[in-house]
Undergrad: 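Have a look at the structure that comes next, please.
The structure displayed is predicted, hence computed values, not measured ones. So you know, we letter chains A, B, ... as the sequences are listed, proteins then strands, and number each from 1.
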Amino acid sequence: MFDLNTLNPQQRQAVTHKTGSLLLLAGAGSGKTRVITCRIAHLRQQGVPAEQILAVTFTNKAAREMAERVEEMVGRKETKGMVIATFHSLCLRILKVHIDRLGFKKNFSIYAAADQQRLIRDLLRDIGVKNSSSDADQVLWRISAAKNHFIAADSYQSSDRDPLTTLVATIYPRYQQALKAYNAVDFDDLLMFTVQLLEQHPDLQEHYCQRFQYQMVDEYQDTNLVQYRLLKLLASGHGNLCVVGDDDQSIYAFRGADVAHILNFEHDFPGTKVIKLEQNYRSSGNILTAANAIIKNNQQRKEKALWTESGAGSKIEYLLCEDGEDEARQVMEQIHAEKYRGKLAYGDFAILYRTNSQSRSFEEQLRYENIPYVLIGGQQFFDRKEIKDVIAYLKVIQNPADEVNLLRILNYPKRGIGTGSIDRIIRHSADKKISLWRVLQQVDQVAEVNDRTAIACSHFVDLIQRYQKRFAQPLRLQETLLEMLTELKLAEEIYRQEKDPQIAQRRVANQEELLNSLATYLERTPHPDLAGFLDRISLFDDEIAGKNDKESKLALDAVTLMSLHSSKGLEFPVVFLVGMEEGFLPHKKSIYETFDIDEERRLCYVGITRAQQQLFLLGTQQRRKYGKLEQREPSRFLGEIPEKLLQKSVGEPPRKATLEEEAASATSFFDNIGQMFGD
DNA sequence: GGGTCACCAGTTTTT
DNA sequence: CTGGTGACCC
């Protein structure tokens, strides 16, 4: 239950909007999630059946939170049949039912970055490209960009000017063919294929339009062309589409997101009602004034200004540090001081940076000071080799056509199928146009493979088939996984390979963690099966991923470290926005290559608006980069903040510098500040 | 099959 | 300076 009277007038208007298109321009911290969840609850109370409601988000976390909050409001029973999902999981649901219409089998696999990379690398090697590792990433990147722009493999144009484009034009079609042969799709395919499916099959489009009479989309400013087309397809007819977003927080252009979608929404959906949420419930006045001052320098935007009923609060502190190490030390000092002064916990602090590599100096310092911290991003649980190995087994058991993973495990752990034999098997498979799995099943017919290897292969086939049967029993999933790990002797293999016993132990523990993930999955899934578990893993459901398991999250009081991108949607009492320097924010590439300073400004805006009570901006005068000392300039965005909001201070002068150098650097600093603020 | 060495590249990345 | 990779050699 909820009370409409606890909402402000704009929020109330949005919540009670029933039919037709609605554009909700929701500034940072304006209670956007609350409005969406209340609107869903309200629709239910108005008698809209749960199964007619669809809410789409970008992250699992957002979807989960939304679902939880709706459940709290209307009760679990009332949400049955409602779909609150990410774009990717929505598309996966649709494809699970209809993908046969696109020529795939229903047990298809989802290829994540590692699988894609391996496949691309193999394809590059096939056409004789040497240094395939770095090229693979670039090719993959371009294929992803093409898919986000809805460019299919056969219509990708090669170019005389750019060799990479030519390479992509060659690889992209082969890549799609391989995926199809392996009965696999990648992330971008999930979306692109769903759009194709609905476009080519009007009966399906009709079906889903009817099914989802009331649709809501969060973070609409981040939609790419494919997502946009999907939404248009789903909303056609009734047009009951409510999109929520903030053009000022559009920070995923590099992933194909296009702010134009939110800017043109009123035009795309005539008769759209527009509501702006500008009252901010998160940050103190000075922080909002600074954020507004910065963002108004962007030209292409919907005019809006955040305001708050709370007071001005503390000034924003700008700390100019000597170097990277000094920057980290200053943050520690402030954490100690603020923690004491404000009775805060470690969990109330966040350190935000532009690039993940910036986290290191802070991690070192936090460890040195024994301050607990969590690093968001970076190496993911499922990226670890020992985890990928187990998942490769599960994927092959689910879909033996998946050759990337089949090759990964064929001789791991070692079972006497050497690289030479594998080459011969692959060649045979290619020559005779028989799938690898089939070749392995009838390996005795391959003359080039000796008897001992043939026996090893048939043992392998037998192993996979045995586990296919065992994993088909949903009630025994956990036991079966444990049995498999034991039978494969993966732990022994790890201890044998890894010299450091402590590291080996941790890697084995990671594999055991996968069992916990499976347990979590079993607990919260009505009809669990192996395919479902793999899907959840593939879609990065971090609840299943185990690293966010509830106990550790609640028990751990820790400073958060993350990139500005990952910080969107979150809030912290105290925020340190570090690396406020030209080259980091705005990033060098945006200055010299993409020329999109506005996007960097939005990124800066996102960072600033994460802070509730206190905001620290930090930058350095010099920084070690790739081993070389570099002079740094303060970020241009600092100059866009009204000076009266800022409290500036300079860190320690260089310890080894002479007095003259000290004097010189101090003078130049004040000169710089003077110029920046036009004194 | 495993270990060492030289070479290269280094923005963000919700899924 | 780092981490990751491929080539090469035993």
Side-chain angles (χ1 to χ4, degrees), chain A residues 56-64 85-92 110-113 116-117 121 125 130-138 140-141 144-145 147-148 185-191 218-219 221-224 226-227 249-257 324 352-358 360-361 376-380 382-383 385 411-414 416-420 496-497 499 535-542 545 562-570 579 583-594 596 599-600 602-603 606-607 623-630:
Chain A
V56 187
T57 65
F58 278 82
T59 68
N60 291 310
K61 190 160 171 260
R64 190 164 49 242
T86 63
F87 272 102
H88 288 83
S89 68
L90 171 67
C91 289
L92 179 58
I110 300 168
Y111 269 20
Q116 294 175 285
Q117 215 175 42
R121 230 182 288 174
R125 201 169 308 159
K130 288 266 153 51
N131 189 19
S132 28
S133 81
S134 60
D135 288 340
D137 281 337
Q138 293 201 45
L140 205 46
W141 182 256
S144 173
K147 289 180 178 180
N148 288 156
V185 303
D186 68 21
F187 277 128
D188 303 312
D189 288 337
L190 287 175
L191 304 182
D218 194 13
E219 308 280 13
Q221 77 281 357
D222 288 330
T223 49
N224 65 31
V226 179
Q227 289 156 340
Q249 293 187 69
S250 163
I251 54 173
Y252 284 101
F254 69 94
R255 291 277 287 148
L352 309 181
Y353 36 78
R354 175 67 230 265
T355 70
N356 277 318
S357 59
Q358 286 170 265
R360 247 179 81 164
S361 55
I376 311 288
Q379 235 227 341
Q380 301 287 320
F382 290 111
D383 273 344
K385 185 190 176 302
N411 197 36
Y412 183 88
K414 293 184 185 61
I417 311 174
T419 43
R496 213 169 56 77
Q497 279 182 341
K499 283 190 202 110
D535 289 343
R536 296 290 283 275
I537 286 175
S538 301
L539 295 184
F540 291 103
D541 191 321
D542 39 7
M562 65 183 150
S563 70
L564 285 167
H565 283 90
S566 332
S567 76
K568 194 171 62 169
L570 305 177
F584 271 144
L585 196 65
H587 193 272
K588 206 164 75 200
K589 288 241 163 114
S590 72
I591 303 174
Y592 298 112
E593 286 176 34
T594 57
D596 197 355
E599 173 115 343
E600 300 290 305
R602 291 192 288 265
L603 209 40
V606 166
R623 203 179 272 280
R624 208 167 273 288
K625 218 177 172 199
Y626 310 144
K628 275 218 198 75
L629 212 52
E630 240 178 37

Undergrad: Verify the neighbour count for atom NZ of Lys625(A): are there more than 12 heavy atoms of other residues, nucleotides or ligands below 6.0 Å?
TA: yes
Undergrad: Does His587(A) stack onto the base of dT11(B), taking stacking as ring centres under 5.5 Å apart and planes under 30° apart?
TA: yes
Undergrad: Please figure out whether Phe87(A) or Ile417(A) has its closest DNA chain B nucleotide nearer the 5' end.
TA: Ile417(A)
Undergrad: So does Ser563(A) get a side-chain nitrogen or oxygen closer than 4.0 Å to the phosphate oxygens (OP1/OP2) of dT13(B)?
TA: yes
Undergrad: Taking OP1 and OP2 of dT15(B), is either one under 4.0 Å from a side-chain nitrogen or oxygen of Asn60(A)?
TA: yes
Undergrad: Taking only the P atom of each, what is the distance from dT11(B) to dG4(C) in whole angstrom?
TA: 15 Å
Undergrad: Would you say Ser566(A) places a side-chain N or O within less than 4.0 Å of OP1 or OP2 belonging to dT13(B)?
TA: yes
Undergrad: I need the single residue from Leu585(A), Thr355(A), Val606(A) that forms a side-chain contact (heavy atoms from CB on, under 4.5 Å) with Leu564(A). Which is it?
TA: Leu585(A)
Undergrad: Compare the minimum distances between each of dG10(B), dT14(B), dG6(C) and the side chain of Tyr626(A), then state the nucleotide with the smallest one.
TA: dG10(B)
Undergrad: Rounded off to whole Å, could you give me the CZ-to-P distance for the Arg536(A) and dT15(B) pair?
TA: 12 Å
Undergrad: Please report, rounded to the nearest Å, how far the C1' atom of dT13(B) is from the CZ atom of Phe254(A).
TA: 5 Å
Undergrad: What is the distance, rounded to the nearest whole Å, between atom CD of Gln117(A) and atom C1' of dT13(B)?
TA: 13 Å
Undergrad: What's the separation between atom CD in Gln227(A) and atom CD in Glu219(A), rounded to the nearest 0.5 Å?
TA: 11.5 Å
Undergrad: In terms of side-chain heavy atoms of Phe187(A), which of dT14(B), dG6(C), dT15(B) is nearest?
TA: dT15(B)
Undergrad: Whole angstroms only, please: what is the CZ-C1' distance between Phe58(A) and dT14(B)?
TA: 8 Å
Undergrad: List every contact pair, protein side and nucleotides 8-10 of chain C side both N or O, where the distance is under 3.5 Å.
TA:
none

Undergrad: Distances under 3.5 Å between protein N/O atoms and the N/O atoms of nucleotides 2-7 of chain B, please, pair by pair.
TA:
| from | atom 1 | to | atom 2 | distance (Å) |
| --- | --- | --- | --- | --- |
| dG2(B) | OP1 | Lys414(A) | NZ | 2.8 |

Undergrad: Using 30° and 60° as the class limits, which term best fits the ring planes of Phe254(A) and Trp141(A): parallel, tilted or perpendicular?
TA: parallel
Undergrad: With Lys589(A) as the cation and Phe584(A) as the aromatic partner, state whether NZ or CZ is under 6.0 Å from the six-membered ring centre and within 45° of the axis.
TA: no
Undergrad: Quick one: are the ring centres of Phe58(A) and His88(A) less than 6.0 Å apart?
TA: no
Undergrad: Rounded to whole Å, please give me the gap between CH2 in Trp141(A) and P in dT13(B).
TA: 10 Å
Undergrad: In whole angstrom, what separates Arg125(A)'s CZ from dA7(C)'s P?
TA: 7 Å
Undergrad: Would you measure the distance from the P atom in dT13(B) across to the matching atom in dT2(C) and give it in whole Å?
TA: 22 Å
Undergrad: Answer yes or no: does a side-chain N or O of Arg360(A) lie under 4.0 Å from OP1 or OP2 of dC1(C)?
TA: no
Undergrad: With rounding to the nearest 0.5 angstrom, report the CG to CD distance, Leu140(A) to Gln116(A).
TA: 4.5 Å
Undergrad: Inspect the contact between Arg255(A) and Asp222(A) and indicate whether a charged nitrogen and a carboxylate oxygen are less than 4.0 angstrom apart.
TA: no
Undergrad: Quick one: pull up CG in Leu191(A) and CZ in Phe87(A) and give me the separation to the nearest 0.5 Å.
TA: 8.0 Å
Undergrad: Any side-chain N or O of Asn356(A) under 4.0 Å from OP1/OP2 of dG10(B)?
TA: no
Undergrad: What nucleic acid atoms does Asn411(A) come within less than 4.0 Å of, heavy atoms only: base, sugar-phosphate, or nothing?
TA: sugar-phosphate
Undergrad: Could you walk me through whether Ser144(A) and Asp188(A) pass the side-chain hydrogen bond (donor to acceptor under 3.5 Å, both in side chains) test, one step at a time?
TA: CA-CA 6 Å; Ser144(A) 173; Asp188(A) 303 312; 2.9 Å; yes
Undergrad: Which whole-number value in Å describes the distance from Ile251(A) CD1 to dT15(B) P?
TA: 13 Å
Undergrad: Expressed as a whole number of angstroms, how long is the span from Lys385(A):NZ to dG4(C):C1'?
TA: 15 Å
Undergrad: Look at all strands and tell whether Tyr252(A) reaches a base, only sugar-phosphate, or nothing, counting heavy atoms closer than 4.0 Å.
TA: base
Undergrad: Any side-chain donor paired with an acceptor under 3.5 Å for Thr59(A) and Thr57(A)?
TA: no
